[in-house]
Amino acid sequence: MTDLLFLAFAAVTIGAAILAIEARDLVYGAAALGIAFLGVAGLFFLLDAAYVGWFQIAVYIGAVVVLILFTVMLVGPKMGETPLGLKRVSLLAAILVSLLLGMTGALANATAFPGQDSCGSGCDLYLLSTSLLKNYGVQLEFMSLVMAAAVIGALVLSKTDRGQ
Amino acid sequence: MEPLSSFFAVSVILLGIGIYGLTTKRNAIRILFSVELIYNAANLNIIAFARLRNPPIVTGQVLVLFTIALAAMEAAVGLSIIILISRLNAEIDLSKLSKLKG
């Protein structure tokens with residue numbers, strides 16, 4: 001059952017990611033990106049990280065994809081789509097980089113990390129929230145500070161000077 | 001349960017798709033798509049690696065929560081920069097922008 005679910009989520013994620021990069025229309029690309037985020041959230045659920053999965057759905061699909069769609073509407077969907085001559089070389093480079101990284105990962109998995117899947121009942125919300133607020137409270141507050149700075153920066157950047 | 005290496009494989013494939021998009025596309029919004037895909041590959045990798053410890057620790061999940069929040073902020077700032085670029089120029093083709101060149 002989980003094997004089938006894993007295969008389904010992985011196929012949806014990878015296919016939607018390719019579609020997001022390669023779709024003609026940017027609106028379809030943004031929708032495919034949302035589906036890829038949904039697939040990654042499903043993989044999080046399979047890894048017993050349910051809270052992170054819900055967080056991913058709320059933040060990525062609820063905020064980021066909607067933000068991208070608004071920007072596409074504001075900027076116009078047809079802008080800046082000039083083809084590049086280097087396409088085949090870059091595809092080769094991407095394949096080579098992925099192969100290298102995959103070989104590194106397989107090597108690391110074979111030698112340095114012999115343990116498999118020791119999560120069990122330890123990955124629940126109680127442990128996560130306790131760790132987040134007790135051990136990483138200062139970092140959480142810093143994160144909210146960075147978030148405030150980012151929001152103010154975005155507002156300043158996109159402000160129009162109508163008064164002058 | 002699938003072995004964890006298959007999750008690593010999905011993560012590497014997502015990273016490859018992101019690098020392909022970064023190198024071949026010139027539209028700023030599509031480059032942002034690629035960056036978000038690379039973020040997701042990293043998050044999947046961290047969550048999968050967090051399950052290897054015995055006894056289990058949840059630091060990986062905390063780290064991914066921080067990463068998702070940072071990615072959302074990065075998208076907000078990047079999209080406002082894209083809107084600014086589209087207001088200053090006629091297009092958002094990154095290979096043709098030279099306003100910031102010294």
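Naming: A, B, ... by sequence-line order, numbering from 1 per chain.
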Contact leader toward chain A among T59(B), L14(B), I68(B), where contacts are heavy-atom pairs under 4.5 Å: I68(B)
Note, Q61(B) side chain near F44(A) side chain (heavy atom, < 4.5 Å): no
Side chain / backbone / both / neither for Y60(A) at chain B, heavy atoms under 4.5 Å: side chain
Chain A contact via L79(B) - which portion, at a heavy-atom distance below 4.5 Å: both
For chain A, the option from L70(B), V77(B), I47(B), I19(B) that forms the most heavy-atom pairs under 4.5 Å: I47(B)
Derivation and outcome, salt bridge (Lys or Arg N to Asp or Glu O under 4.0 Å), residues E22(A) and R30(B): CA-CA 9 Å; E22(A) 286 297 334; R30(B) 261 195 223 283; over 6 Å; no
Chain A contact via I13(B) - side chain, backbone, both or neither, heavy atoms under 4.5 Å: side chain
Part of A9(B) lying under 4.5 Å from any heavy atom of chain A: neither
Any donor-acceptor N/O pair, R87(B) side chain to V75(A) backbone, under 3.5 Å: no
Working for side chain to side chain contact (heavy atoms under 4.5 Å, CB included), residues Q139(A) and V62(B): CA-CA 10 Å; Q139(A) 286 88 337; V62(B) 174; over 6 Å; no
Option that, when pairs with chain A are counted at under 4.5 Å, heavy atom only, ranks first among N43(B), L22(B), V64(B), L65(B): L65(B)
Proximal component of V59(A), with respect to chain B [non-hydrogen, under 4.5 Å]: side chain
Toward chain B, the part of A149(A) with a non-hydrogen atom under 4.5 Å: neither
Heavy-atom check, side chain of F66(B) versus side chain of L140(A), under 4.5 Å: yes
A76(B) versus A154(A), closest heavy-atom pair with distance: O-CB, 4.2 Å
Non-hydrogen atoms of V10(B) and A10(A) that approach each other most closely: CG2-CB, 3.7 Å
Interface moiety of L74(A) toward chain B, non-hydrogen atoms closer than 4.5 Å: side chain
Engaged part of A17(A) at the chain B interface, taking heavy atoms whose separation is under 4.5 Å: both
Contact class of L155(A) relative to chain B, heavy atoms under 4.5 angstrom: neither
Chain B contact via L67(A) - which portion, at a heavy-atom distance below 4.5 Å: both
